[in-house]
Number of protein chains: 2
Amino acid sequence: MTAGSAPKWRRLEPDERREQIFVCAAELFGERPYAAVSTADIAARAGVARGLINHYFGTKRELYLAVVRRTLTLPPSAVTTLPDGSLTERTDAAVDWFLDMVSKQQKTWLAAITPEGIGRDEEVEHILDEADREAAGLVLEAMGFDRGDERWEQLIAIVRTYAGMVKAASREWLDRETLNRRQVHTVLSHVLRTLVADVIPRARTQSE
Amino acid sequence: MTAGSAPKWRRLEPDERREQIFVCAAELFGERPYAAVSTADIAARAGVARGLINHYFGTKRELYLAVVRRTLTLPPSAVTTLPDGSLTERTDAAVDWFLDMVSKQQKTWLAAITPEGIGRDEEVEHILDEADREAAGLVLEAMGFDRGDERWEQLIAIVRTYAGMVKAASREWLDRETLNRRQVHTVLSHVLRTLVADVIPRARTQSE
DNA sequence: GCCGCTTGTTGGCGAAGTGTCAAGAGGCGC
DNA sequence: GCGCCTCTTGACACTTCGCCAACAAGCGGC
């Protein structure tokens, strides 16, 4: 027995502690819906007093929003290298890149895109909006469009529409397993090609 | 002053009271996220004691699920009459019919398809699943497919993928107002046509 | 018209969850 | 070894939820 007085708890740098709590919260919010996760649960998993959560994040809801924000904001590993080449080559590459990314973070991704039953949450929606807009911009650039385009907002809207399909397709593939990767690839790249080649040119003429 | 002893409250038929509470709950759950609606709020709006909610629905959550179930289960006004004719005519008609329906129940529809930030809710997902499957079946039949098809499940999956796009497009149109009805129509019918004509035949050959 | 019974409805209690805050203790610096 | 800064705890006040025994609305019998 080393007579030492083992400290009851260890003192951490604020950033460190904050991150630790954040990670535990992210796990739990990924497993159960918001209302089914208590701050006591989070504190317990982090091995920390419940009050500390409020100290670092203010409110359970604020903590939740922080988790949502980080989870949905896609890592900037994004743009990287999409090849030049024919339209088909580029759409194929884009879809492939995306499916790779999704299959890596499978669990997180699925938890993040799962639709809720009913009841709108303004703040969450806003975060999702921004994330989608960002992703849509990257896709458009990869397809050879220019951010300066006069109808940029409209292009974004169309791609965001497509994003809805991408999310649904991901669920069919990873969650329900009703489609395999190749089938999902076929559907998504076909549709993306149709959008770029046929729909976008046509939509431009229908602004009013 | 009629000396009468005005009763403090009126006694209703169970079905009647149940419905009244249900309607108030549906309104509130449509306005705010689940956790931001208290049973006291619902009881207040219904002009009823809070305990009565538990008497009729057991739990706040059960009441919520009941609301979700009814809201997401589309009215059977669905099938009705989709014309024969060329593929283009049929896809156009299907998309038109759908956009009409959506624009009528705008508010409810938007509240129902709004995505949540993170955190999966098994039961809600299951309800959504069933609703989507039902809708997908109708679309497929309208497109001339047969429920007896050997790959019916796979077809359902593809159309459910498309449903994700439909929902996203509805938000762009009704909520963000970044696309007008004609543009949404163009996008959706184009894609639906592509799916039926090109993708589905191809996907069948990629089952493994 | 009064009374009694059925049952829809209320109101309060106990448990659980959340935010606040003053007091306590880890551990670096002198 | 001592003191101090501040990270961390634990308890308190308040809100919300599910439960249940008691209450009373109002129909039917006499």
Side-chain angles (χ1 to χ4, degrees), chain A residues 2-29 31-68 119 121 123-124, chain B residues 2-29 31-68 119 121 123-124:
Chain A
T2 42
S5 53
K8 292 197 202 77
W9 45 272
R10 221 160 60 84
R11 197 186 169 105
L12 293 186
E13 288 298 299
D15 287 350
E16 208 174 341
R17 182 68 76 190
R18 189 186 170 83
E19 181 63 18
Q20 177 206 7
I21 294 174
F22 183 95
V23 169
C24 296
E27 289 172 7
L28 287 168
F29 283 132
E31 294 168 6
R32 304 199 286 274
Y34 176 82
V37 177
S38 72
T39 56
D41 293 338
I42 300 172
R45 178 167 299 203
V48 131
R50 204 172 47 76
L52 203 57
I53 292 176
N54 297 288
H55 175 71
Y56 280 109
F57 294 94
T59 286
K60 175 188 172 185
R61 177 172 175 79
E62 286 178 82
L63 171 54
Y64 173 72
L65 289 177
V67 169
V68 172
D121 187 322
E123 295 180 87
V124 167
Chain B
T2 41
S5 53
K8 293 198 202 77
W9 45 272
R10 221 160 61 84
R11 198 185 167 104
L12 292 186
E13 287 298 299
D15 287 351
E16 208 174 342
R17 182 69 75 192
R18 188 187 172 84
E19 181 63 19
Q20 178 205 6
I21 294 175
F22 183 95
V23 168
C24 295
E27 288 172 8
L28 287 169
F29 283 131
E31 293 168 7
R32 306 199 285 273
Y34 176 83
V37 177
S38 72
T39 56
D41 293 338
I42 300 172
R45 178 168 300 204
V48 130
R50 201 173 48 76
L52 204 57
I53 292 175
N54 296 288
H55 174 70
Y56 280 110
F57 295 94
T59 287
K60 177 188 173 186
R61 178 170 174 80
E62 287 179 83
L63 171 54
Y64 173 74
L65 290 177
V67 169
V68 172
D121 186 322
E123 296 180 86
V124 168

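Every chain is numbered from 1, with letters handed out A, B, ... down the list of sequences.
Side-chain N or O atoms of A:Arg50 include none that pairs as donor or acceptor with a backbone N or O of A:Thr39 at under 3.5 Å.
For the pair A:Arg18 CZ and D:dT6 P, the interatomic distance rounds to 18 Å; values are reported in whole Å. Atom-to-atom, CD of A:Glu13 to C1' of C:dG26 comes out at 13 Å; the value is rounded to the nearest Å. The NZ-C1' distance, from A:Lys60 to C:dG17, rounds to 8 Å in whole Å. Going from atom CG of A:Leu28 over to atom C1' of C:dG17 covers 15 Å, rounded to whole Å. Rounded to whole Å, atom P of D:dC23 lies 18 Å from atom CG of B:Leu52. Remark: P of D:dC7 and NE2 of A:His55 are 6 Å apart, rounded to the nearest angstrom. Atoms CG (B:Asp41) and C1' (D:dC17) sit 13 Å apart, rounded to a whole Å. B:Ile53 has its CD1 atom 13 Å from the C1' atom of C:dT9, to the nearest Å.
The base of C:dT9 lies outside donor-acceptor range of the side chain of B:Arg17, with no N or O pair under 3.5 Å. Judged by atom type and distance alone, A:Arg50 reaches the base of C:dG19 through a side-chain donor-acceptor pair under 3.5 Å.
Of the two residues contacting DNA chain D, namely A:Gly47 and B:Leu12, the nearest-nucleotide position lying further toward the 5' end is that of A:Gly47. Comparing A:Val37 and B:Gly51 by the nucleotide of DNA chain C that holds the closest heavy atom to each, the one mapping nearer the 5' end is B:Gly51. Nearest-nucleotide mapping onto DNA chain C: of A:Ser38 and B:Tyr56, the residue sitting toward the 5' end is B:Tyr56. Residues B:Lys8 and B:Asn54 both approach DNA chain D. Their nearest nucleotides, taken by heavy-atom distance, put B:Asn54 toward the 5′ side.
Ranking C:dG8, C:dA25, C:dG19 by closeness to the A:Thr39 side chain, first place goes to C:dG19. Among D:dC5, D:dA24, C:dT10, the nucleotide with an atom closest to any side-chain atom of B:Ala49 is C:dT10. Checking D:dT9, C:dT20, D:dC19 against every side-chain atom of A:Trp9, the shortest atom distance belongs to D:dT9. Across D:dC7, D:dT9, C:dT7, the shortest atom-to-atom separation from the side chain of A:Arg11 is found for D:dC7. For B:Arg10, the side-chain atoms get nearest to D:dG26 when compared with the rest of D:dC7, D:dG26, D:dC17. Relative to the side chain of A:Pro7, the nucleotides C:dG8, C:dG19, C:dG26 differ in distance, and C:dG26 lies closest.
The two residues B:Cys24 and B:Ile42 have their closest heavy-atom pair at CB-O, 4.4 Å. Shown here for A:Ala25 and A:Leu63, the closest heavy-atom pair between the two residues is CB-CD2, 3.7 Å.
Relative orientation of the A:Tyr64 and A:Phe29 rings is perpendicular, given thresholds of 30° and 60° on the angle between their planes.
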